[in-house]
Structure formats: structure tokens, C-alpha cells
2 protein chains.
Amino acid sequence: MSESTTGRRKNLSHKITELLAEEILSGKLPPGSRLLPERELSVRFGTNRNTLREAIRNLENLHLVSARQGDGMKVLDWTRQGEVTLLPWFLQHTRDLEASRKVVEDFLRLRRLMVVDVCGRLAETAGREELNAVLELVRSQRGNLGNPEQLVRTDLDIMLGLMRAAHRMAYLWSFNTMVRLYVNAVFSFPDLWVFVPGYVDSLESVLLAALDGDSSTAASRMDRHLRESDRLIMEAVRNFQTLLE
Amino acid sequence: MSESTTGRRKNLSHKITELLAEEILSGKLPPGSRLLPERELSVRFGTNRNTLREAIRNLENLHLVSARQGDGMKVLDWTRQGEVTLLPWFLQHTRDLEASRKVVEDFLRLRRLMVVDVCGRLAETAGREELNAVLELVRSQRGNLGNPEQLVRTDLDIMLGLMRAAHRMAYLWSFNTMVRLYVNAVFSFPDLWVFVPGYVDSLESVLLAALDGDSSTAASRMDRHLRESDRLIMEAVRNFQTLLE
DNA sequence: AAGAATTTGTCCGTATGTATG
DNA sequence: TCATACATACGGACAAATTCT
């Protein structure tokens, strides 16, 4: 399912995955309902069993359906059993604006928790060179103020840089997964490219505190920064959703 | 890759995935090195191209390798670009005990961050019936004190129950992913089935605070509980690793 | 600059195994 | 016991992208 995060050309099985995911996430195929057998589905979509099975496997990886040998395929209760990779699919196919707003809100909140936690031990885990490298990245943002897309892109790099600097692989890998899910969404909606006033100064002060050996100050500054940033983003989301109605 | 989380029989492509992952994670195939072409690899593993491509796709999903049409396949810098799903693979194939210890530590820490955060708004987001259901689950643990495996299993259910009760899909789905990665590891090592003294009382007091409308007390209690629990688990990990040396 | 060689991407058809009801 | 339905594996053909000559 890395196709959903990269911008690659879509193959047939991916298109079928989207069609079936749409039917499931929109409620047309509710949890518990059974899918047609593979052979019949492959006829319905005008393809062969192998290609269709590709699509089924994608749906299984999203925990949208489960297939049992000898039995058949049924739709799972994805609201309870879904995987994190389901997030972009959900946002794309649901028509429940309130639910998708909550998903974005929680997603930002998770990001904040992780980043702030990492900042809280930055001085102990990161080397000065690494911190300086991120600081330089932050300062380079002054030159990007006229280029929103570059601003967003570098902002993600800064967060990733902090994760890398902290040398916590589990955090970095979890963050990688989240960022990859997020990046497509954020680049699809320029309306959400929102930055707080004093953006560069805020982040700069975080790095300076860390370089000063004061992790807890770094953490509290990052917390304040992200809370404000997330608040603006959620405001933008609401405005954007209002336009859709 | 759901095969790695479920206990299904391993097919050929999965075995090939493990062989190649082992070579990569052990450093035999370092980042930047190129893999043999698909056709040659399929011969080397005594299979056909399609089955081998299955394995390659698994490695791509783990962000261990990338394949480019017309070019070839190369090993990625997985320490920087790995996905969260790489965690169990890393733990299984690395021989770096210190690194794997840190991974487990961070994993537990992530769990704590998420669970505590959810507890911090439990009274506002969860219904009384849901909280009572989790409370009942907690109390049922008294009857499982002689059955460690059931204790572990229900402990996971309690955490998942809290996530569900809070009605935050992004949290629940992220947590689902983490739990599924964790569950195999934890059930493979009974040495790590460690529970703090007063386990049931601790969790009970969390739920009672939430039912009392006091989310912040619930959160701080859960924080204390998980810090102590994680500390014991890490101690068990260290003891276990000492035996391996 | 053009074309040949190499390599992955996509899709199809088929045969056989295995779990389920 | 038997039919059904998914699971696995193999082989082949052609398309598309890249690299090299």
C-alpha cells in the first residue's frame, strides 16, 4: 500500500482497492456483510483472479476485510479494528465531516505528543552538531516565507530532523509512518498551509534551549508552538469544510 | 505483512522476505547496495519471478529496499527511513542488544504517552457504560492472577477498551497497529509477563477517577501505573538479555 | 542523439493445495 | 463425503522506464 503514499501510477488492483474501499467506508458494505467470491468479483471488475486478489490483499492489510479459506470474505468492523494506514483512505472516502475533523485533530495531537516528548530529552540524546543542523534548517525557513510549499516541506524535515537527532529509532519509525500518511493530504490542500506568527522564532528558541542543555524548556516551548500551530490548522480545516457544505 | 502479526502458515514469499530482511538488518547488505535483478534472485531462491516479487514488495513496504523500473533495486537507509512495521523485524534479526533494548523502551513510552493522553480526557469523551465495561474488565483480572497469559491478553484488551471508549479513531487505529506489532513479541517471551504489585487496584483507581469526572487524576494515576509497569518490564528485558549473552 | 540492452511493472491463464461448511 | 472458496505457486507476454553504447 505504499502506492497511496508515493505518487506512483495506479495499477488495476489499486483502482479496484479504491472502489471496494469506497463501498466499505461509505457504509454501502457495512461491517459483517460478505463480499462476492473472488471469481465473481473478478468477472464484475473485468479482470482475472490474480489481479483481484491483489486488491483483496490490500483491503486485508487495511483491516477492512478478512478472507477465510473455504469460507469467504467479510467486511470487518473497521471503526474498531482499523490500522493507522487506514487514515488517508478514511479521509478521502468518508462524507462525515465531523468525523474527519476529529481524525485530523487527533493526528496533530499525536504528532505534538511525540515531538514534545522527544524535545524533552533532546539535550541528553542529541549531539550538538545534530542540533545545529536542525537549527540551520529552522533558520533557512526565513528564506522560504514567500514559498508556502517549501515552507511546509522544510517544516516536516525539521520535525524529522528532531526525531533523528534524538536517536530513538522506534520514535523515528513511528513518525515516518505518520508523516508519510500526512504528507499527501497536506500537499493536496494548500488551504491548510498555515503558519503561526513568529514561526521561525518559536522553533529557533526550542533549539537554543536544547543547545543550552535545557530540555524541559525546549519541550515546553515546542508544546506551546505546536498547540498554537495545530489550533490554526484546525481553524483552517473548519473553514475549508464550511466551503464544502 | 499481516502474516507477521497473525499466526498464519508462512508461504514461500514470506520466507524469502525473511532471508533478505535478515541480510539487510544484519548489515550484510548495507544501505545503498544493490540487489540482484529479480530474475536472478528468483533463480537463486529456486522460484519464479512473481513469487519473488511478492517478497520484494514486502521489503518495499518495510522501506528496506526500493525498486525503480528500468534501474534496479537498492537497499534503503532503514535506520532513517524505516516504517513502524519494521519494529518486530528489527527485534528479530538484529544482534545489537542495546539497540533492541532502546526500541522496546521507546515502544513502551509511546504506549504510555498515548494511553495517558486518552485518560486525560476520558471523562469528557467516554460514556459511563463504556467506562463501566472497562472497569469490569479490570476487575475480572483478579480472577486471572494465576493465569499470566490471560492476564497479558486482558491487559491489552483494557488498553484497547480505553481507546475505544474515548471515541478517537486516529488514536485507536494507531494503537491497533502498535498492539498488533507488540502482541507477537510479548507472547513469545513469557519472561516479560511482568505485573506491578497492586496492578488491579491501580487500574481500578484510574477508572474510578474517570467515572468521577476527574480526568486529570485518571491521567496522572495511569501515568504512574505505566511508568512503574514499564520499569519492571525493562528490568525483565535486561535480565532476559543477560541470559542471552 | 538514437537505439539496443537491461530491468522492473502489469496483467493474464492455469494447476494444485487446503480449509470450511 | 462432497462442493465451495480461498491459498499458493508457476510460467509467459508485453509495456514502460532507465542506462549504456
Side-chain angles (χ1 to χ4, degrees), chain A residues 1-21 23-24 29 31-76, chain B residues 1-21 23-24 29 31-76:
Chain A
M1 305 274 29
S2 59
E3 295 84 273
S4 68
T5 62
T6 64
R8 285 211 293 242
R9 207 172 69 263
K10 289 177 184 174
N11 57 30
L12 184 51
S13 62
H14 191 274
K15 291 174 192 161
I16 296 175
T17 304
E18 289 203 312
L19 289 172
L20 289 172
E23 292 193 16
I24 294 171
L29 285 177
S33 59
R34 304 188 81 83
L35 273 65
L36 291 175
E38 288 179 350
R39 286 182 177 81
E40 299 179 39
L41 275 183
S42 64
V43 170
R44 171 181 155 192
F45 288 112
T47 181
N48 59 68
R49 229 187 108 202
N50 289 322
T51 299
L52 181 109
R53 274 177 62 74
E54 260 304 309
I56 298 296
R57 180 146 20 180
N58 291 339
L59 295 174
E60 279 193 291
N61 286 337
L62 293 168
H63 286 82
L64 285 177
V65 310
S66 87
R68 278 181 67 219
Q69 191 173 171
D71 186 4
M73 302 177 288
K74 67 169 193 286
V75 179
L76 292 176
Chain B
M1 306 271 35
S2 59
E3 292 87 334
S4 70
T5 62
T6 64
R8 286 212 292 244
R9 204 171 72 263
K10 288 178 182 173
N11 57 30
L12 183 50
S13 63
H14 186 85
K15 292 173 191 163
I16 296 175
T17 305
E18 290 204 311
L19 288 172
L20 290 171
E23 290 192 15
I24 294 171
L29 285 177
S33 59
R34 304 189 81 84
L35 273 63
L36 291 175
E38 289 178 350
R39 287 181 175 81
E40 299 179 40
L41 276 183
S42 65
V43 171
R44 170 181 155 193
F45 288 112
T47 183
N48 59 74
R49 221 187 117 205
N50 286 321
T51 299
L52 180 110
R53 277 177 61 75
E54 254 313 301
I56 298 297
R57 181 146 15 173
N58 291 339
L59 296 174
E60 280 192 290
N61 287 337
L62 293 168
H63 285 81
L64 286 177
V65 311
S66 86
R68 276 182 65 220
Q69 191 173 174
D71 186 2
M73 301 179 287
K74 67 169 193 288
V75 178
L76 293 176

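As judged by a 4.0 angstrom heavy-atom cut-off over every strand, A:Asp71 is placed among residues touching the sugar-phosphate backbone only. Residue A:Arg39 is in base contact, counting any heavy-atom pair closer than 4.0 Å across all strands shown. When heavy atoms are screened at a 4.0 angstrom cut-off, B:Leu12 is found touching the sugar-phosphate backbone but no base atom.
Taking atom CG of residue B:Asn50 and atom P of nucleotide D:dA7, one finds them 17 Å apart after rounding to whole Å. Following rounding to the nearest Å, B:Arg68 (CZ) and C:dT6 (P) show an atom-to-atom distance of 18 Å. B:Lys74 places its NZ atom 14 Å from the C1' atom of C:dT8, with the value rounded to the nearest Å. Between B:Asn48 atom CG and C:dC12 atom P the separation is 18 Å, expressed in whole Å. The interatomic distance linking B:Glu54 (CD) with C:dG9 (P) rounds to 13 Å, in whole Å. Rounded to whole angstrom, the span from the CG atom of A:Leu36 across to the C1' atom of D:dC6 amounts to 14 Å. Protein atom CD of A:Glu38 is 18 Å distant from nucleotide atom P of C:dA15, rounded to whole Å.
For C:dG17, its base sits under 3.5 Å from the side chain of A:Gln69 at one donor and acceptor pair at least. You'll find a donor-acceptor pair under 3.5 Å spanning the side chain of A:Arg49 and the base of D:dA7, going by distance alone.
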